[in-house]
Each structure stands twice: as structure tokens, then as C-alpha cells.
Amino acid sequence: MDLVLQLLFTGIGIGAVYALVALGFVLIFRATNVVNFAQGEFSMVAAYLMVVCAVDLELPYWLSFIIALAGMAIIGVIFNLGVYYPLRHRTYLPVIIATIGASILMANGVLALYGPQPQVLPGWFDTPGIQLGPVYLDSQYLLIIVVTIALVIFNYWFFEHTMIGKKLQATSQDKEMASLLGISVSTMIMVTFIYSAVLGGLAGLLVAPILFVSIQMGSTIALKAFAATIIGGFGDVTGAIIGGLALGIIETFGAAYISVPYKDGFAFLVLVLFLVFRPQGIFGERVAEKA
Amino acid sequence: MSTSSDNIPAVVITRPKPLLLRHAPYFIGAAIVVFLAASMQFDGYILNILMQATTFAIAVFGLSVVLGLCGQINLAQAAFFGFGAYAVGIGTTDYQLSYWLCLVAGCVMALIAGAVLGLSTLRLGGHYLAMVTISFQQIVTLVMINAIWLTKGPDGVSKIGRPSLFLSSQSYLAFCVAMLALVGYIVWHLPETRLGRAMRAVRDNELAAGVNGIDVFRTKVYAFAISAVLGGLGGGLFAGGFAYISPDQFSFAESIVFLTMSLLGGVASPIGSAIGTGLLILIPEWLRFLKSVPGLYLAIYGLSVILIIRFMPDGIWGFVTAAYDRMRSSKKVAVTSAPLQLRPAATGGDMVLEVTGLSKHFGGLKAVDQVDISVRRGGVHALIGPNGSGKTTTLNVLSGLYNATSGKVVLDGTDVTTMPPHLRAAAGLGRTFQNIRLFRSMTALENVIIGAERPGNTLTGKGDEAALTERALAALTFVGLGPRAMELISSFSYGHQRLIEIARALAANPTLLLLDEPAAGLNSTEKLELHELLKRIAAQGLTILIIDHDMTLVSEAAQHITVLNFGRRIADGESMAVLRHPDVVSAYLGTD
Amino acid sequence: MTLTRRGFTAGIAAGLAAPYIIGSARAQGGGTIKIGMCAPITGPAAEAGKYATGGAKLAVEAINKAGGILGKQIELIIEDDQTTNPGIVLAFSKLAANPDIVGFLGSIRSTQVHAMAPDVLKLGKPVMFGGTDPNLTKLGNPWLFRFRPNDSYSGRVIAEYGVKNLDKKKWAVLHSTDAFGTAGGKALTEALGPLGATVALDQGYANQSQDFTPVVLAIKQSGADILGSYFTFENDLGIFARQLRQLGVNIPWVGSPSIVNVTALKLAGPALYGTYGVADYAEDSSEASKAFGKAYRDAYKVAPDNQSSWPYDAINVLATAIKNAGSTDPQKIREAILTVKKYPGAEGEYNFDKNGDGLHGYNIVKNEKGNIVFDKHIEFDN
């Protein structure tokens, strides 16, 4: 039982990381119908920005945090203008490939600027964790779980109760209708990219103290997060969160009870099973194209 | 060039010489290259580069089929490459099997894996396909690393054998180049075959492909399987060439490399694929001395991917051919061909179409509700109703794009209620779309040939290329566009595109033709021409079910009218009587 | 198609010309003895590549300052292996195409050495390498020379130290599932049996795992009283070490060389205090090691590790062999390397056996609050 509880905590912690990144995927997908293969690199770039500020320049932790997220907002703008916007009238395929190119560019750009050695980023808290009965709770994982819950609430409030959130909703559902209503679709898409880059960055900043800061940190997480998005039902915010958590738990228990080396395989196996037997995901509704 | 064409009746398409003769220059060229590969003295480095380029190019040809021709993404080409490589690697070492046997086995394994993967997921398409292929890639990599009993794990397989005929590296390279030339020929020729045309149609417009009798799903599976086989073949040759393989050579990163190779050169053509492969193997070699800053080179690589997609969407070869096409003025051709024959099949009774109790519900919305329609053979039947009355939904249910919630559709005696679009087309149903759905990357002629290729069309003689072309030209001439047959769709006006779509449907010699608002978006002259065209079609005895708003067109052309409002049938009968029906008048004019 | 092929061949010719021009510009100033080196300048091991080329250059400079060999200066030609197998095959074939190169430095990664081995055999010139997969020198390839002790020794040293010095008999063995980890884990479990110890848990993991909780819990449940490990990547090691301590596992831990590597120490910090590692390079293990450590620190301002010590030794031994052979004939160099005995290198004392293995033992070092302290050297005769 102790074992199960410990695994459950870890699974939820890892799952929350997937969920955070998955959220960024879903937002961009809903707004633009595009899967952003560079979403994981947002996390990595933010983590390096944070290392530069907090470790190299020795700025206060909170200030570095804000600078890193602000930096991500700018990267969101550049990403939209450089990668998505010029291709917005083309099919999904060129856009997917352009985001793959952007992912290679970001990963290796950082490598060129900062070198290949992994970096250490201290966590928010001085205490590494607390022992709760038989279960050890890592403080950084606790923080990630809390932030994920907070973000779910924030997203609900943002999309349902703010004007800009409602405009974003309208844009993602029907671009033509939205522009007829006087909503600037291109501004809304810009906002989406900024928000999504910041979210991805936030995930990176939270997970960096656990996984260290390395060039590869984003891509592995992003693939899992992507799987989580599909399991949850593409385009559904709640689905992405549930999918992320489910994946984290499946993976952790799979590793503990079935096989450690094949751990990464479970995520993809579950994904393929979902795609074959329930392609609409847990929460999703439509898969088929409109006629 | 075009001035003289009016009085000189040029023969459009000459009887093609036998293919092998027409393509003789290709084979002579290929033979020279193979000879050079076999006889030129290369040092080890160039030999390795050429070996890599040749075997990779075969795998990239696979991508040009699935991605370029059929428009489906495959992010697992390295995994299929690995299937071939490991079959040859393990087979020739652990089991001491013949190289040829292993190579074939590798291709078969890749084929099966590709077909199964395609069968299970190609209905989804798009992003899902991207994700499934990535997952497949990851799982294959994990198995290669961890199933040590089979794959020797991360150590890899070494001392891989070659066929005794090609033991020296030089002769083996020549063999690989010969294979490349052969595969290149097949891939080059594929777009002009029936399957290749079907793939292009699926890429350009899946819905239109379906209603023109193409089995969209099966076509995608074929494309995916061909791509996988070529991946396996390339991999098998690669294993023999380098004598050592290990899992990291078949990772996701390599799949991305394959993808970039095909994009860079131009995904639509094997020549482009070959250029892309060559460049992406050579560029890293050229730029090696630039690599003193780690990551810089790959960062530039990523940036160029974005720039290529942005500024050269059709790749280098696409860019070159487009420039070449611009310099050449478009061919204008005069046509001498037999008049279009329409001989609709007649196996059923007096009624060509019998629809009973047809309903289509979207959630709570009853878009079509208990509708009955009977279309008499040889007549023009109109389906009218105000906006949102369910006309187009009815048409979509009739042609199989939507599944009926309930009801029954009988076409010429055959119950087609549950059939997918391509089978209804085979059963004799043709249609056009309100928002024109043509295959935009093809010429007018190719579009209409796809129509003529409808399974069950009895008017295409032996069904060979010449007969199909003749039928398609006749159809185009029938709508007045014969001389422009060789032009791309994009060069036609909106009204002419509408005519091409009708010609495509006519070439199929359907039993029943569904026309979805054919007059929408036409100017008054074009409407008159359309009206004349409909009369000429009806005169040949073809049965037509037409939807339109244009009351003049409907009242003059149709003998029989069915009126829908809010998804229900509110009137049905002889034209003039229906149009005077009070419910119809109020539905159109409002009640108060 | 024909056109493409032709253009392609022309392209290759141009591609080849460029680096050669640069090479010849560098070589101006008389005859030099050229040594080729494949190193990861790009890719995941790019950081290690800096250490490797640093070590090799250090040796080259020292030899050249002392007057070179056979009256000629040594010239080092480095090619990027991109940290991949196809990369090193290309890099090596490019170097091999230069007939002036007399000897080569291969890779520290075993799979890469496997990948290039067929080409090495074909070329027939000596290649020094640092990969520790025991099989590499059993391939019957006479041109491969190893400058680090192979993993059968590291496994035996870990086992012997754990059983005899730490007196622990119930082992948990944890290893990466890549070539290095699998071979190491196997060597360790095989060495434990004859010493009368038992393996309570033999666990593989995939590289770049983000979480080791299931592994740590498995170790806890196995009841093992000592842990032996083969980690490939430092970030995996760092994550595992922290989770191990967090979940309260404090049994002794003897790890493969990565446990004492500079990056691992930085990432894992206190989680690695008190652990033992086998190290082919330990600065305090001998006079030669100390001298190398000082020279490297003077040149690059950072402490060296095994990534830089083996290329340093490889260049020195190769130079010595050429000097002893009095010729750059490959066969003579090969024979001269095989007769190298009791050569004091930075890694240890080289005594080449007939397989081409130069070293036959390991140092055991201890992590004392972040400082790596030399503990003892364990040497085997066979």
C-alpha cells in the first residue's frame, strides 16, 4: 500500500507536468487547428532563460521567473509571426513541418548559445520535500500539482468570464463568424500563441528543478503531453489535464509492475489503443471532417 | 502560337508509343549511371556517401508516394527502414539465410506493418496520423533496444552479409543504384496510373474522390503500404552496404531527416526526392568545418526548414519546374473526337431513385425528417426549398457523405442506404458540389479522366489510357472546354470550373446525376449556357436530380419538383402545380 | 534522373574539395605526421567532445614542443562524429580517405566503435579508442587498441570492492539499457557469483527517463544491502540519486565512472556524497596522472576527467610507438604498440595484451562531500 501511494504521488506529479504542456497544445490547436511540434521547446527555452537570470546573473528568483515568462511572451509573438502566420492559409501539413523546423531551430539555437552541459536550477523551496507517513512528497512536485489545479480554475474563469477569453472561444469555434462580429481574428491568434508559449514556459520553469535544465528536456515531455492531449480528446482543456494525469499514472505503475525499460512505450501503446478504439478521446466529440 | 490553332485541327494526344520505347532515354541514362557507379574508382568516403545517399533515396521515394502523391503524413519512415535493415542484418548473420530472402522478408515485414498501421488509423488522418506514426516509431525503437534476444539490443548487428554476386563495395553500390533507378522509374510513372491518379485525387479533395468512385480509405492504405515497402527496401540495401546497424540509426530523428529530405527536394516528384536526399547528405558534410560551435549547424538546418516551407512550398524541384512551366506558354489544343455518348444503365424499374422515410439528425437537430422522393427515369427532378431547409443535407445523405439516421435509399433497384460514397458511385450515382470540388493540382483532362474511371462505367472500351482519354475529351468537348483540356484547374474561370465538374460527372456515365446548386455564383450569360447544357444532357436520356434557388432554371428544366422546408417534404408533384401550391408560396414568401 | 545523378557526383567532388583545401592550408610548412581524430563536436555528447579534443591537443602540443617525432611535428585532424553511428562512419571514412594519416583516435562510445570497426579492418591502420564494451577487442580486429580498462574490469572491480572491502553480499544492479550499460551490468552480475555474492535485483532503465521512483522502490523492496550502477547520462544519474536519497535508501553505492564525472557532481550535489565510483582516471592515483591534471588545468582552467585523459594517453602512446618503430608503416606501428609495457599514462600503467587492451584495472574513488578522493587501485593479471 505504501508503495502504491508513493507511486501514485509520483505519477500524479509527472502527469501534472504532462498536463501543463498539453494545455499549451490544446489552446493552439483550438485556435488554429494546428499541432505545434515546438511546444516542448517553449519549456526548454524558458528554463534556460531562468538559468541565465537566476544562476548566471544572480537576480532574485521571483524576478527571474517573471523575466523568463515575459521572454516567453516575446517568443510567442515571434513564433506566430515567423512560423504560423505566413502559412495560415495553407493546409495543416506545411504548418506541422514548419513547427518541426522551429523545434530544431530552438533546441540547437540554445545549444549554440549556451553549450550542451545540463544546468542546475534551484527549486522554489529550500526544503526538498516532506515525509507524510510512508509517503515522501517532493516539494517541487507538490508545487506543480497546485499550479496545475490553479491553472484549471484560471482557465475556466478566463475563458468563461472575461471578454478576451470569450473572444478567444468564439475565434476558435468559427473564425468567419468571429470576424463578422468585429473580433480581430489575427489578434486573437496572437494572444493564443503568447498564452501558450507562456504556459509552456511555466511548465518548463516548474519542472526544471526536478529534471535539470537540458536541451532535450522539452522534447520528451512534449511527446508525452501530445499523447495526453489525444487521450483526453483533442481540443478539450479538461481532457488534456485528465489525459496528462492518466498518462503519468499509467507510466509510473507500468514501470513499477511491468517493465522499466519499456516505460516510454506504455504512453504510446495507450495512445495507439485509444486512437484505434476511441479516437475521439475521453472527452472529445468530433473527429470526422465536416463535409 | 495560339493564333493558328483555330484553323489547324491538331491531334491532341497521339497514340502513345509503347511505354518502354517512350522511356528508353531514362533507362539508357540509368544504365550509364549504374555503369559509372560500377566502374569509377571511389575512395571509401565517397563510396560511403554514395551508398548512404542511394539507400536513403529509396526510402525518401516512399515518402514522395505517401506524402507527395497521397497527402498523408508518415513520421515513421525510419522505423520501416529499420524493418528492412534488421531483416537483412539478423537474417544473414544469426540465421545464415540468403541475402535475397532476407531482403524480400524485410520488404514484406515493412509492407505488413505499414498496411496494418494504415488500416487501423488512416480513417483518422491529419494530426492523428502524425501522432500514431510517431508512437509506432517510438515503440519500434524501444523494441530494437530492449529485445536483445532478437535484435542484439543497443550493440547493434555487425558483419552483415551481402549477396555473393555483389561482394565488393563498388559492385554492391552499382546494384543499389540500379535498384534506385528501378524504384525511381516506378515512382516517376505512378502518378499517371489509375492508382496514382486516385492518390492525387485523395490528396486534392477526399470528398470529391469518394463521390467519383475512388475508395479513399483503400487508396490511402495502398499509399502507406508502398511507402513502407520502399522504406524496408532502402533499409535492407543500407544494412548490406554498411555491414553494421544499430537502433539509433532508425530513430525518430532519422524519420524527421527523411521527411526533410523529401520536402527540400520537392515532395511531389522522385527527382525532387533524389535532390533532397543528395543535398541533405552532402550539406552536413560540406558544413562540417562550420560546426565548431555546437548546435549552430542544426539551428541553421531548422531555420532553413521553416524558410523552405515558407518560400519554396514545392521544394527545389517544384520551384524549378514551376519556373520552367511559366516560360513555356500553355498548350492550346483543338479537338477532334467523337461526340459524348451517355448511355445510362437501366436495371431497375420506372423509378431511378426511390427514397423512403429518409431522416438525418445532428444531435437534436432534425436536418432531414421523414422525406420521400421518387425520381422518374429520364426526367429532370428538382429539389427546392428555402435556405436551411435540408436540401444539401439530403444530397449529402444520398451520395453517402453522411450516414442516414433512418430511411431507405434505392438506386436503380439497388439498396445503397449503407454504402460508402465510392460504392454508390460504382452503383451509378454521380454528383457535383455547390462549392466546386475539383482536383486542383491536375489538368481539366485529368480531372475528367478520374470521372471516366468510375468502376462500372461501360463506355470506356477496354478501359486503357487511350479509351479513358477519349471519353474524357468527349465530355470536355460536350461542355465546350475541349480545346483547353491540358490546362490546370486554376487557369479556369469559376463558371468554367463548374462545367468541368459537370463534365467529370458526365464522363462517368452515371445512371443518376445529382447537381448541387449548379447555377450558384454564375452570371446571367453563364446561367443561360448552363440551361442549354442541361437540356442537351436531358436529351440524351440521363436522369437528373437538381437543387437550385433559381426558379426560372428550375421551372423550365424540371418536370417534377419536390419542396422541402425545415427538413420536411411540404409538396411534391408536377412543376407548375407545385409552384402554385400555397404552402410552397408561403414557405418562400413568408406567411403574413 | 540522369541529370540529378550527374549533378550529384559533381556536388560530391566540390564537397570534398572544400575541407581538403583547408587541411592543406593548415599543413603548409613542411611534412608533418598526421593523426586523425573522430570526436563528438555536435550532438548529445558535444560537451564530452570538448574534453576529448582538449586532452588530445594537450598531448600534441607537448610532443611538438619537445621536438616532435622522427623529426616531424604532429598534426591533429579532427572530424565531427555528430555523436551518432552513421556520423562516425562518415567522419572516419573521410579521415581514412587522407592517405597521409598514420593513426586514428576513435570514440569513447562503444556503439560508435562497433559501427566503424568494419571500415577500420578494411583500412588497416591503427585506431585508438575509449569504448569499454569488452567485446570490442574480441572481434578479431587487429587494428583496435583500447586506452581505457574494459567493462569486464570495471564490473570485477566494483564487485571485488563491494564484497571484499565493504563486505556486502546482497546486490542491486542498475544499468542503462544502452550498449554500455547492458555490457557493464552483465560484467558486474557475472563477477559477483564467483565472489559468493547474490544479485537481489537486476534492473535496466531507458536513457532519458524523467522519473526513477519505480526503480528506487524496487531497490528498496529487494532488500539489497549494496547498489552497483552503470549510468550513461549525467541527468539520469542526478535524478536517480536525488530520488534514491529522498525515498530513504542509504545503502552503499559503487557506480561506473559517470558517478564521479564533473557534470554529475554538479547536478546531483549532496545526493552523491559518500558514494564510491570506479574511475579509470583519478588524479591522485599516480605521478603521471597528477602531471596530466596540472597540465590540463593550466591549459583550460577546468579539471580534466576520463573524457580527456584517454585521448591524451592515446596520442602519447601512438607517438611513442611511432618513435620506437622508427616508421609510420601501419604494421610496424601496430607491433610497436603491442610491445608497450609499463608505460605510465594519465589513466594508469599501460601493458598492452594481444587483444589490444592497454589497461587491466580500475581505481576506486570516493565522493567525500563533493571532492573525489582516490581510494585504491585494483589490478588484474588477466
Side-chain angles (χ1 to χ4, degrees), chain A residues 2-11 13-15 17-18 108 111-112 114-123 128-131 134-141 207 209-217 219-221 224 248 251-265, chain C residues 40-51 83 174-178 181-182 201-221 233-249 261-271 302:
Chain A
D2 300 356
L3 187 72
V4 171
L5 284 177
Q6 184 68 56
L7 289 172
L8 193 64
F9 174 76
T10 311
I14 287 272
V17 177
Y18 297 157
N108 290 282
L111 179 65
Y114 211 87
Q117 58 274 60
Q119 302 292 321
V120 181
L121 183 68
I130 41 172
Q131 190 74 39
V135 182
Y136 181 88
L137 305 176
D138 185 299
S139 57
Q140 193 70 24
Y141 271 134
V207 80
I210 300 173
L211 300 185
F212 306 116
V213 180
S214 68
I215 305 292
Q216 306 92 332
M217 66 180 281
S219 47
T220 348
I221 300 177
K224 304 278 181 63
E251 216 176 66
T252 309
F253 279 87
Y257 292 102
I258 303 172
S259 158
V260 174
Y262 281 102
K263 189 180 96 178
D264 289 336
Chain C
I41 309 297
T42 60
E47 176 64 7
K50 274 195 219 162
Y51 281 89
T83 330
L174 174 63
H175 62 87
S176 150
T177 50
D178 64 11
T182 319
L201 175 77
D202 184 358
Q203 179 70 68
Y205 73 91
N207 284 336
Q208 307 295 353
S209 288
Q210 293 132 10
D211 176 67
F212 283 90
T213 311
V215 175
V216 172
L217 293 177
I219 293 173
K220 213 172 175 177
Q221 289 208 314
F233 288 105
E234 293 84 5
N235 39 355
D236 285 331
L237 179 60
I239 296 169
F240 170 74
R242 279 202 203 158
Q243 291 188 327
L244 188 74
R245 299 313 184 208
Q246 285 179 352
L247 297 178
V249 181
N261 133 339
V262 184
T263 314
L265 296 180
K266 190 177 89 182
L267 295 185
V302 286

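Note that these values count all heavy atoms, side chains included, but never hydrogens, waters or copies made by symmetry. In what follows, every chain begins at residue 1, and chains take the letters A, B, ... in the order their sequences are listed.
- Judged by distance alone, with hydrogens and angles left aside, the side-chain atoms of Lys263(A) form a donor-acceptor pair with the main-chain N or O of Asp211(C) at under 3.5 Å.
- At least one side-chain heavy atom of Leu211(A) sits under 4.5 Å from a side-chain heavy atom of Ile239(C).
- Of the atoms belonging to Ile215(A), not a single heavy atom falls under 4.5 Å from chain C.
- Taking chain C as the reference chain and counting heavy-atom pairs below 4.5 Å, the highest number among Tyr257(A), Tyr262(A), Tyr136(A) is found for Tyr136(A).
- Between Ala255(A) and Pro214(C), the closest heavy-atom pair is CB-CG, 3.8 Å.
- Rounding to the nearest 0.5 angstrom, the gap separating the CG atom in Leu3(A) from the NZ atom in Lys220(C) is 9.0 Å.
- Counting heavy atoms from C-beta outward, Gln216(A) and Phe233(C) have side chains that stay 4.5 Å or more apart.
- To the nearest 0.5 angstrom, Gln6(A) atom CD is 4.5 Å from Leu247(C) atom CG.
- With a 4.5 angstrom heavy-atom cutoff, Pro134(A) does not touch chain C via any of its atoms.
- Closest approach of Asn235(C) to Ser214(A), counting heavy atoms only: ND2-OG, 3.9 Å.
- For the atom pair Arg242(C) CZ and Asp138(A) CG, the distance stands at 8.5 Å (nearest 0.5 Å).
- For a residue to count as touching a neighbouring chain, one of its non-hydrogen atoms must lie under 4.5 Å from one of that chain's; by this rule Gln210(C) touches chain A with backbone and side chain alike.
- Of the residues considered (Gly129(A), Ser259(A), Ala256(A)), Ala256(A) shows the highest number of contacts with chain C, using heavy-atom pairs under 4.5 Å.
- No side-chain heavy atom of Phe212(A) sits under 4.5 Å from any side-chain heavy atom of Lys266(C).
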